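A short write-up of the structure that comes next.
Atoms considered below: every heavy atom in the structure, side chains included; atoms not considered: hydrogens, waters and symmetry mates. Model, not experiment: these values are computed from the prediction.
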Amino acid sequence: MNDKCGCSRSKRRMQGDVRSRAQTSPAAQARLALPDRIRAVLATRNLTLYEVARQAREKFGGDRRYHIARNFYFQLRTPGFTPTLHHVSALSQISNYGLSDWLAVFGFRSDDISRLQAHLPKARTALLDSTLYDPRVVIPWFKERPQRSPFPPIAPLSQLLEPLGLTPQSSLVPPGRDVYLYAKIGRQDALAFPDLLPGSIVRADPRLVAKLSRPAAGKVSNQIFLVEHRRGFCCCRLHRPAKNRVSLVSTQLPFADVEFQLGSEARILGVVDLEFRKLINPPPSAIPECTLPEVAPDLARHWKPTTLDRGAGVERPGLLLRNARLRAALSLRAASEMSRAIATALRDPRYFASQASLSDYEVRDAPPRHIHKLLTLCILYSIRFGELLRSFGLRLDGGAAIPDKWMPPSVWPPSEGHPKSQEQHTTGFIATVSRRFGGPPFFLHNSLAALSGLPEPPSLNDVFWVGGQRKAMHPALVGALFIVVNRRRRRPFTLRRKSAWEQPPYLLMKRDGSYVLAGCSLENGTIVVHPRAQSFVRSDRFRDRVDAEVIGQIVAVVRSILSPS
């Protein structure tokens, strides 16, 4: 009898341990902690859940979508339950805290939009959402190393900078709105190929349009412009056949010669001044991605341009989604398949959208029930999150900020508290580069690994300043400012059947400490450099690891592409 009682007690104790371990898993802890966090946020406004539920019924009347149940905390602890956009909007309006902060409390990271927009391949060129939804988010940052001499022409960033620690973006972003526009080049409309490659991310400066968009009559502009027309966006050179008329010039590919009326049929959004180019081939994927462009049939045949939207008022949600999908050259089936990649990247199947759901969103003007689908739509169709919410009558901005201690750990590290603001230097490497070329795109800080093709975000030892190189010996390194080096790829090779700009470049360090950036090969213990410059440059030969050594393959480059006026 005692043995039976002992066995039953042991069995119950074992079951209790299993339940305890299940409850302490990260997902279970998040479900248990979320109601406590919401209760604390509401308490800062002297609100209880009962009072919020009462005010929601009074404020929104018969619209039950905004009603919050009195057992809302119990629902949040249920696996698979997530609040709707209407629930979060009701909490925002009643508490007078910003909708963006409330979304972050529930675990929705708006910054995932720009990260995946930059990472996923595009058929057509698309603008990226460069909005910093929460400037309080902390990112790794750096401080200057003491320099006794001018900046070297080529050097690893670890020689110029050292880690500062986690710093809030609000202390790094200069005051005022970022004027730059960012776009990802699509594989079907790379008019500036090979100056710009499909998959590259470019920056355009609207302030230079008035100065540089007037080429001489009958001549093609030296600069590359970001242009918007009714069928989407493209980056190309321009030809001015007449006043207020412009033609898009394709460098090599057989695009149709279409003439636009400036202002009504086309808009020049900015002058392209920087390119972030990945120099390695992507791995095989179900979603087409390639470095070689293709010309879409509807862009190769002559077509008559139509009038651009005036942009007056807020576009109806269904029409906004449909127009954005057509601009992205996505069928419902292709968009659904791409949403599967989004769900995989975010590790949540609720980000997947079926063809039927995508079709319904274009017919109905009501927002999707799940907030996950809203983020998916923004990523798929390159829509700004705030623009999509405005079409549903909601504002992402406005309202006070939720106190930092109740925000997710990605905003403030709980163990570190508030990081100290960095001193603003007017001299030094960071200040000099920012003054000459503009500040870094902070909205891409989570995309560096994907954009460079490295398994992890590059460190200061992997990124080199090369803005002082005398002569580029590889077509992709013309105007290069920064390069990312994969130090694991130290055995050079040459692709015999590829063109010059497709050859992989490498970073070599010579015995005297200077660097060489060029394509090369290893032949019988000798490193043979293959310079591919605009003018003749004699090949160099170095004894491997005696006269020079290969630091690694250059896998990404940030380069300036402004041509002399």
Side-chain angles (χ1 to χ4, degrees), residues 113-114 116-131 178-193 195-206 208-209 212-213 221 223-239 246-251 253 255-277 293-296 298-300 303 305-311 315 320-330 335 377-384 387-388 441 443-444 561:
I113 296 175
S114 56
L116 290 177
Q117 282 181 354
H119 173 56
L120 292 177
K122 303 285 185 184
R124 297 291 175 84
T125 300
L127 292 183
L128 300 181
D129 188 352
S130 59
T131 306
D178 190 2
V179 298
Y180 298 110
L181 299 174
Y182 296 86
K184 181 164 186 176
I185 305 298
R187 69 178 183 275
Q188 291 184 349
D189 54 2
L191 276 75
F193 172 84
D195 297 299
L196 300 178
L197 291 188
S200 292
I201 293 176
V202 298
R203 188 185 75 177
D205 191 344
L208 300 177
V209 172
L212 300 177
S213 63
S221 65
Q223 313 300 335
I224 298 176
F225 296 87
L226 174 60
V227 182
E228 178 187 10
H229 52 79
R230 188 60 183 266
R231 295 193 179 184
F233 303 90
C234 63
C235 293
C236 61
R237 292 179 171 84
L238 300 179
H239 175 258
V246 66
S247 297
L248 311 182
V249 179
S250 175
T251 307
L253 302 178
F255 286 91
D257 184 11
V258 179
E259 192 174 300
F260 298 88
Q261 180 76 31
L262 275 180
S264 60
E265 297 174 346
R267 283 192 286 262
I268 302 176
L269 301 182
V271 178
V272 177
D273 60 352
L274 287 181
E275 179 196 20
F276 190 107
R277 177 186 291 194
E294 58 189 65
V295 181
D298 59 332
L299 296 177
W303 53 281
T306 54
T307 305
L308 279 167
D309 296 330
R310 293 294 181 182
E315 198 170 6
L320 172 66
L321 293 174
R322 176 175 172 78
N323 290 339
R325 179 175 63 82
L326 294 178
R327 276 190 166 193
L330 287 173
L377 292 172
C378 292
I379 296 169
L380 285 176
Y381 303 151
S382 298
I383 305 174
R384 291 180 180 268
E387 180 184 1
L388 184 57
F443 75 101
L444 292 176
I561 56 176

Quiz item: Does L120 reach the side chain of L380, with side-chain heavy atoms less than 4.5 Å apart?
Solution: no

Exercise. List the atom of A328, the atom of A123, and the distance in Å for their closest heavy-atom pair.
Key: O-CB, 4.0 Å

Practice problem: Identify the two heavy atoms, one from P305 and one from V258, that lie closest to each other, and give their separation to 0.1 Å. | Solution: CD-CG1, 3.7 Å

Exercise. Locate the shortest heavy-atom distance separating C236 from A192; write the atom from each residue and the value.
Key: CA-CB, 4.4 Å

Practice problem: Apply salt bridge (charged side-chain N to carboxylate O under 4.0 Å, His left out) to E228 and list each qualifying residue two or more places apart in sequence or on a separate chain. | Solution: R267, R327

Quiz item: Does a side-chain heavy-atom distance below 4.5 Å link Y180 with S130?
Solution: no

Self-check item: pair L248-S250: side-chain heavy atoms closer than 4.5 Å
Solution: no

Quiz item: At what distance, to the nearest 0.5 angstrom, does CD1 of I383 lie from CG of L377?
Solution: 6.5 Å

Self-check item: Distance in Å, E265 CD paired with T306 OG1, rounded so as to fall on 0.5 Å steps
Solution: 7.5 Å

Self-check item: Between K184 and S382: side-chain donor-acceptor atoms closer than 3.5 Å
Solution: no

Quiz prompt | Qualifying residue for side chain to side chain contact (heavy atoms under 4.5 Å, CB included) with L181, from V272, V202, L226, D205 | solution = L226

Practice problem: Under the side-chain contact (heavy atoms from CB on, under 4.5 Å) rule, what do L238 and I268 come out as? Steps first, then yes or no, please. | Solution: CA-CA 10 Å; L238 300 179; I268 302 176; 3.6 Å; yes

Self-check item: Nearest-0.5 Å distance, CD1 of residue I185 to CG of residue L196
Solution: 5.0 Å

Self-check item: R124 side, atom CZ; R187 side, atom CZ - distance, nearest 0.5 Å
Solution: 9.5 Å

Quiz item: Out of curiosity, L191 CG to T125 OG1, how far, rounded to the nearest 0.5 Å?
Solution: 8.0 Å

Exercise. Kindly give the heavy-atom pair with the smallest separation between S200 and E275, and that separation in Å.
Key: OG-OE2, 2.8 Å

Practice problem: Report yes if some heavy atom in the side chain of L274 is under 4.5 Å from a heavy atom in the side chain of I561; otherwise report no. | Solution: no

Practice problem: State which residues pass side chain to side chain contact (heavy atoms under 4.5 Å, CB included) with T131; sequence neighbours excluded, sorted by chain then number. | Solution: D129, Y133, R384

Practice problem: For F260, check ring-ring contact (aromatic ring centres under 6.0 Å, His included) against everything at least two apart and list the hits. | Solution: H229, W303

Quiz prompt | For I224 against C235, the heavy-atom pair lying closest together | solution = CG2-C, 3.9 Å

Quiz item: At what distance, to the nearest 0.5 angstrom, does OG of S221 lie from CZ of R237?
Solution: 7.0 Å

Self-check item: Side chain Q223, main chain V209, donor-acceptor under 3.5 Å
Solution: no

Exercise. For residues L269 and F233, determine if any side-chain heavy atom of one lies less than 4.5 Å from a side-chain heavy atom of the other.
Key: yes

Quiz item: side chain to side chain contact (heavy atoms under 4.5 Å, CB included) with N323: which residues, sequence neighbours excluded?
Solution: E315, L319

Quiz prompt | Partners meeting side-chain hydrogen bond (donor to acceptor under 3.5 Å, both in side chains) with S114 (sequence neighbours left out) | solution = none

Self-check item: F276: partners by ring-ring contact (aromatic ring centres under 6.0 Å, His included), with sequence neighbours left out
Solution: none

Practice problem: Answer yes or no: is there a side-chain heavy-atom contact under 4.5 Å between E387 and L320? | Solution: yes

Quiz item: Hey, is R231 close enough to D189 for a salt bridge, meaning N to O under 4.0 Å?
Solution: no

